[in-house]
Amino acid sequence: MAYKPQYYPGNTSVAKNRRKHMSDDLEKLRDIADEDLTAILGHRAPGSDYPSTHPPLSEMGEPDDPIREIVEPTPGAAAGDRVRYVQYADSMYNAPATPYFRSYHAAINFRGVDPGTLSGRQVNEMRERDLEEYTKRQSETEITDWGLAGMRGCTVHGHSLRLQEDGVMFDMLDRRRLEGGNIVMDKDQVGVPIDRKVNLGKPISEAEAAKRTSIYRVDNISFRSDKEVVEHVQRVWELRTRYGFQPKA
Amino acid sequence: MVNTASVTDKPIQIRVFPKRLLQPETAEKLLNEIDQTKGVIRMLLNGKNLPRKVTCGPGTGADVNHPDRMIINVGGCAFELHIIVGEVIVEVENESAMEDVKKACERALPFPFEFKRGHFIKRRPTLTDYGKYGFRSKTDERINLEDERILGLIDPHAKAETNLCVIDTEKK
């Protein structure tokens with residue numbers, strides 16, 4: 001029987017969503033054009049060439065190395081792209097993703113990633129064209145709801161605040177807002193205006209967010225209601241404690 | 001004996017904490033409803049800053065133009081909101097005014113809110129206030145302020161003109 005990764009324990013919808021995020025078994029909810037995505041990332045002008053930081057690897061004459069033969073470089077590394085970043089903030093009010101699960105999604109399913117996981121935001125550094133592929137995956141699928149999450153390179157404040165009246169997470173720099181039932185973004189991730197209005201689709205309803213979230217909350221699905229997860233967390237804690245215990249010290 | 005405590009009565013302070021951050025229209029409606037209630041002494045708005053310009057990161061200096069940073073009218077006084085309103089602290093004269101404020105909030109807010117009585121705005125001047133305003137005279141150590149209601153409403157270093165709105169002074 002072929003090995004099937006288990007990713008995460010638990011029987012609640014939150015645990016299932018966590019497994020979905022980790023395994024990249026994600027439902028695509030919207031289409032965002034490549035050029036629009038490039039514009040909101042703000043690293044290069046849409047349609048322009050990728051600036052490079054070194055010549056393509058094929059032209060560099062690399063030294064003989066068995067590891068280089070085994071590991072195929074990512075398209076961005078092979079072309080010599082710059083390392084760029086994308087950062088997301090997710091609301092604590094039942095946003096589909098959390099920083100940890102964005103990082104799991106990146107680290108398990110993509111190569112050449114450098115995820116940074118913080119309490120309210122998750123930043124990921126990659127070669128530029130790899131980053132665009134990764135961002136497209138995260139932006140178009142159920143891992144991101146643009147009403148409850150935001151692409152924020154700076155001034156990320158909002159993840160722990162109450163939602164606005166329209167159900168959208170607060171954004172101090174007004175990068176994206178609800179317009180005619182759709183979330184529209186007209187600035188890049190650091191708040192610099194761009195030459196287009198990028199339609200990021202309809203935000204999901206409150207009830208739908210409660211189903212799609214990967215956050216345990218007492219007012220939705222509490223952590224303690226998932227016995228298998230509690231058991232798993234306690235086991236990890238116990239093993240870590242035993243491993244760290246040094247009788248001689 | 002030197003007189004130091006100029007505020008002797010104890011008005012009631014209430015914190016109105018809505019479930020959502022208020023859009024300017026709702027904030028305006030709420031503040032007007034509270035303002036029309038008899039016995040309200042002062043109100044303090046708290047919330048998250050809406051900056052004019054991007055202050056950090058590669059986009060520093062770019063205009064924000066946040067749509068919620070707009071001018072609202074409360075009790076005939078127009079002022080610009082610098083924040084998205086998250087809570088309103090109200091000081092009232094007595095218990096009956098407190099009930100009226102609660103009813104005003106129920107009329108204005110389309111969603112649930114917390115309504116708590118407590119101590120939210122300072123009632124007596126602190127050392128910083130004395131540093132800013134000084135004593136009235138050598139023998140009178142009360143703070144050198146005509147209207148002590150402004151104490152606690154603004155940061156001692158902030159400009160009063162842009163942060164303080166005085167409504168209906170003649171009646172009061």
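Convention: sequence-line order gives letters A, B, ...; per-chain numbering from 1.
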* To do: Kindly check if the number of other-residue, nucleotide or ligand heavy atoms within 6.0 Å of OH (A:Tyr100) is above 12?
  => no

* Asked: So which of A:Leu163, A:Asp166, A:Val192, A:Thr155 has the biggest tally of heavy-atom pairs under 4.5 Å with chain B?
  -> A:Leu163

* **Part of B:Ile84 within contact of chain A (heavy atom distance under 4.5 Å)** => side chain

* Asked: Is the number of heavy atoms from other residues, nucleotides or ligands under 6.0 Å of A:Lys211 NZ greater than 12?
  -> no

* To do: Might you point out which heavy atoms bring B:Val54 and A:Val190 nearest each other, and give the distance in Å?
  => CG1-O, 4.0 Å

* **Residue pair B:Leu50, A:Phe170: steps toward the side-chain contact (heavy atoms from CB on, under 4.5 Å) verdict** => CA-CA 10 Å; B:Leu50 300 173; A:Phe170 173 68; 3.6 Å; yes

* Mark yes when over 12 heavy atoms from residues, nucleotides or ligands other than B:Lys116 sit less than 6.0 Å from its NZ; otherwise mark no. => no

* Contact class of A:Asp188 relative to chain B, heavy atoms under 4.5 angstrom -> neither

* To do: Find the one option among A:Arg175, A:Gln164, A:Lys187 whose heavy-atom pairs under 4.5 Å with chain B are most numerous.
  => A:Gln164

* To do: For chain A, find which of B:Ala62, B:Pro110, B:Pro58, B:Gly61 contributes the most heavy-atom pairs closer than 4.5 angstrom.
  => B:Pro58

* Are the side chain of B:His66 and the backbone of A:Asp171 linked by a donor-acceptor contact shorter than 3.5 Å? -> yes

* Asked: Does A:Arg217 CZ have over 12 foreign heavy atoms under 6.0 Å away?
  -> yes

* Report the distance from atom CG of B:Leu21 to atom CE of A:Met169, rounding to the nearest 0.5 Å. => 11.5 Å

* Using a strict cut-off of less than 4.0 Å between a Lys/Arg side-chain nitrogen and an Asp/Glu carboxylate oxygen, indicate whether A:Glu206 and B:Arg20 qualify as a salt bridge. => yes

* To do: Keeping the roles fixed (side chain from B:Lys19, backbone from A:Glu165), state whether a donor-acceptor pair exists under 3.5 Å.
  => no

* To do: For A:Arg162 and B:Glu87, work out which heavy atoms get closest and say how close.
  => NH2-N, 4.5 Å

